[in-house]
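Notes for the one structure printed next.
All ligand and atom numbering here is 1-based and tracks the order in the structure. Small disclaimer: the values here were computed from a predicted structure and weren't measured.
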Amino acid sequence: MTTVDQLAARLDAAATSRVAVPQLGADVGLDVPTAYRVQEAVVAHRVARGERPVGLKLGLTSRAKMAQMGVDEVIWGRLTDAMRIPDGGTLRFADHIHPKAEPEVAFLVEGGAITAVAPAIEVIDSRYVDFRFTLPEVVADNTSASGFVLGAWQPVPAGIDNLGVLLEVDGRAVQVGSTAAILGDPRRALPDAVRLAGAYGVELADGAVLLAGAATAAVPLRGGAHVRVTVERLGTASLRVGP
Ligand code: OOG
Ligand code: MG
């Protein structure tokens, strides 16, 4: 029988060696609760290397993403400090397998409430061959979490439920959408994350970052690309893809 620790070691090795692994397959018989235990063990490998948990992310909160990935349930994953790329900073392409970028909204959570908002880019990088997975497989893989860029934190303006979202690569619009695509209103990310992660005993600590989920489909990254996300009224976040 394949244990939680064996699956976690396999996924962690894929991330560190940048070699994708085959889908776990039906024979492993992974259910969603066990997949979250694998995820916890995957992140424990990162923590053992000195990374610090800094928050949570929601995934598949928009129809565009559910359709793109063929999975139709909201999932959550864990963020660490090592995943953070400074705004305007460089992502090392060689540290990834097949990275993609997606436009997001990030919240700062303090005292159980949202205290600030920022435009964000999430970099996802499935550890599975061809970026293909089932719901338990993507949960075990920490929901493809790989990197994130936060624009400037600011007080949450009234009505952020229908702001225009633009994802540009090298100055060209490649995805356009609205924050309405994120759970109907991205602020729902907080109660959803509290409920979904809370079911596994995981809480949002003071100062935690919460990525609310992508507003559009994700776009594959290539070396040299300049990626910029603009969220109406919130501003921009950007990164450059290095070698
Ligand atoms: C899973 C992660 C999805 C989002 O914002 O929808 C996600 C994936 O698409 O690989 O982060
Ligand atoms: Mg995302």
Side-chain angles (χ1 to χ4, degrees), residues 11 14-15 18 20-24 30 32 35-36 38-39 42-43 54-80 83-85 91 96-107 117-151 163 165-167 174-190 192-193 196-197 208-221 227 229 231 234 237 239:
L11 288 164
R18 288 120 210 174
V21 290
Q23 287 68 26
L24 304 177
L30 194 65
V32 172
Y36 276 109
V38 176
Q39 179 189 120
V42 162
V43 176
V54 294
L56 300 178
K57 58 164 282 188
L58 290 184
L60 309 178
T61 51
S62 68
R63 298 235 161 268
K65 283 287 307 186
M66 286 181 178
Q68 184 181 29
M69 307 321 296
V71 174
D72 62 0
E73 271 182 64
V74 174
I75 53 178
W76 62 277
R78 293 154 157 105
L79 303 175
T80 72
M83 296 178 186
R84 183 150 177 194
I85 302 158
L91 169 126
H96 296 77
I97 302 169
H98 37 207
K100 297 183 188 179
E102 47 189 30
E104 302 226 2
V105 168
F107 294 116
V117 64
I121 302 172
E122 186 182 22
V123 177
I124 52 173
D125 193 26
S126 176
R127 268 57 67 165
Y128 299 111
V129 170
D130 296 338
F131 227 113
R132 273 192 302 108
F133 41 70
T134 61
L135 173 67
E137 285 169 340
V138 68
V139 165
D141 186 25
N142 197 21
T143 66
S144 311
S146 181
F148 63 98
V149 179
L150 303 176
L163 302 177
V165 173
L166 174 65
L167 174 63
V174 290
Q175 292 285 337
V176 288
S178 159
T179 55
I182 308 166
L183 300 166
D185 180 337
R187 282 170 299 195
R188 292 214 178 109
L190 180 59
D192 280 10
L196 295 168
V209 173
L210 175 60
L211 286 179
T216 71
V219 300
L221 294 176
V227 180
V229 164
V231 183
L234 301 185
L239 68 82

According to salt bridge (charged side-chain N to carboxylate O under 4.0 Å, His left out), who are the partners of R63, at least two apart in sequence or on a separate chain? none
Short of 2.8 Å from the Mg ion (ligand 2), name each protein N/O/S atom, waters not counted. E102 OE2, E104 OE2, E122 OE1
Below 4.0 angstrom from a heavy atom of A214, which ligand 1 atoms are there? Numbered from 1 as shown, please. 4 (C), 5 (O)
Within this structure, what is the CG-CG distance for the pair L196 and L56, rounded to the nearest 0.5 Å? 10.0 Å
Top protein contact for atom 6 (O) of ligand 1, by heavy-atom distance: L60 N, 2.7 Å
Just how far is it from atom CD1 of I124 to atom CE of M69, taken to the nearest 0.5 Å? 6.0 Å
Working to the nearest 0.5 angstrom, can you tell me the gap between L30 CG and T134 OG1? 7.5 Å
Can you tell me which residue pairs pass the side-chain hydrogen bond (donor to acceptor under 3.5 Å, both in side chains) test with a partner in residues 177-186, sequence neighbours excluded? N162-S178, D185-R187
Atom CZ of R84 and atom CZ of F148: how far apart are they, to the nearest 0.5 Å? 6.0 Å
Looking at every non-hydrogen atom in both residues, tell me the closest pair between A217 and K65 and how far apart they are. CA-CD, 4.3 Å
Residue-level breakdown please: for Q68 versus ligand 1, do any non-hydrogen atoms fall below 4.0 Å on the side chain, on the backbone, on both, or on neither? neither
What pair of heavy atoms forms the shortest contact from R127 to A14, and how long is it? CG-CB, 3.7 Å
If every non-hydrogen atom of K100 is compared with every non-hydrogen atom of P220, which pair is closest and at what distance? CG-CA, 3.9 Å
So which heavy atom in the protein is nearest atom 4 (C) of ligand 1, and how far is it from that ligand atom? E102 OE2, 3.1 Å
Test of understanding: given a 4.0 Å heavy-atom threshold, classify the contact between V71 and ligand 1 as side chain, backbone, both, or neither. neither
Aromatic rings F131 and H98: how do their planes relate, parallel, tilted or perpendicular, breaks at 30° and 60°? tilted
Taking only heavy atoms of I124 into account, list the atoms of ligand 1 that are under 4.0 Å away from them. 8 (C), 9 (O), 10 (O), 11 (O)
Which atoms of ligand 1 are found less than 4.0 Å from any heavy atom of F131? 10 (O)
Does G213 have a non-hydrogen atom less than 4.0 Å from ligand 1? yes
Heavy atoms, side chains only, cut-off 4.5 Å: are F133 and T143 in contact? no
In ligand 1, the atoms that come under 4.0 Å of a heavy atom of V138 are 1 (C)
Taking only residues two or more places apart in sequence or in another chain, which ones pass salt bridge (charged side-chain N to carboxylate O under 4.0 Å, His left out) with D125? none
Run the numbers for me: atoms of ligand 1, each under 4.0 Å from some heavy atom of K57, listed by number. 2 (C), 7 (C), 11 (O)
To the closest 0.5 Å, what do you measure between CG (L58) and CZ (R188)? 13.0 Å
If you measure from each non-hydrogen atom of S144 to ligand 1, which part falls under 4.0 Å: side chain, backbone, both or neither? side chain
Is there a polar contact between ligand 1 and T143, counting only N or O atoms under 3.5 Å apart? no
Is E104 close enough to touch ligand 1? Criterion: a residue heavy atom under 4.0 Å from a ligand atom. yes
Protein residue, atom and distance nearest to atom 3 (C) of ligand 1, heavy-atom basis: K65 CE, 3.7 Å
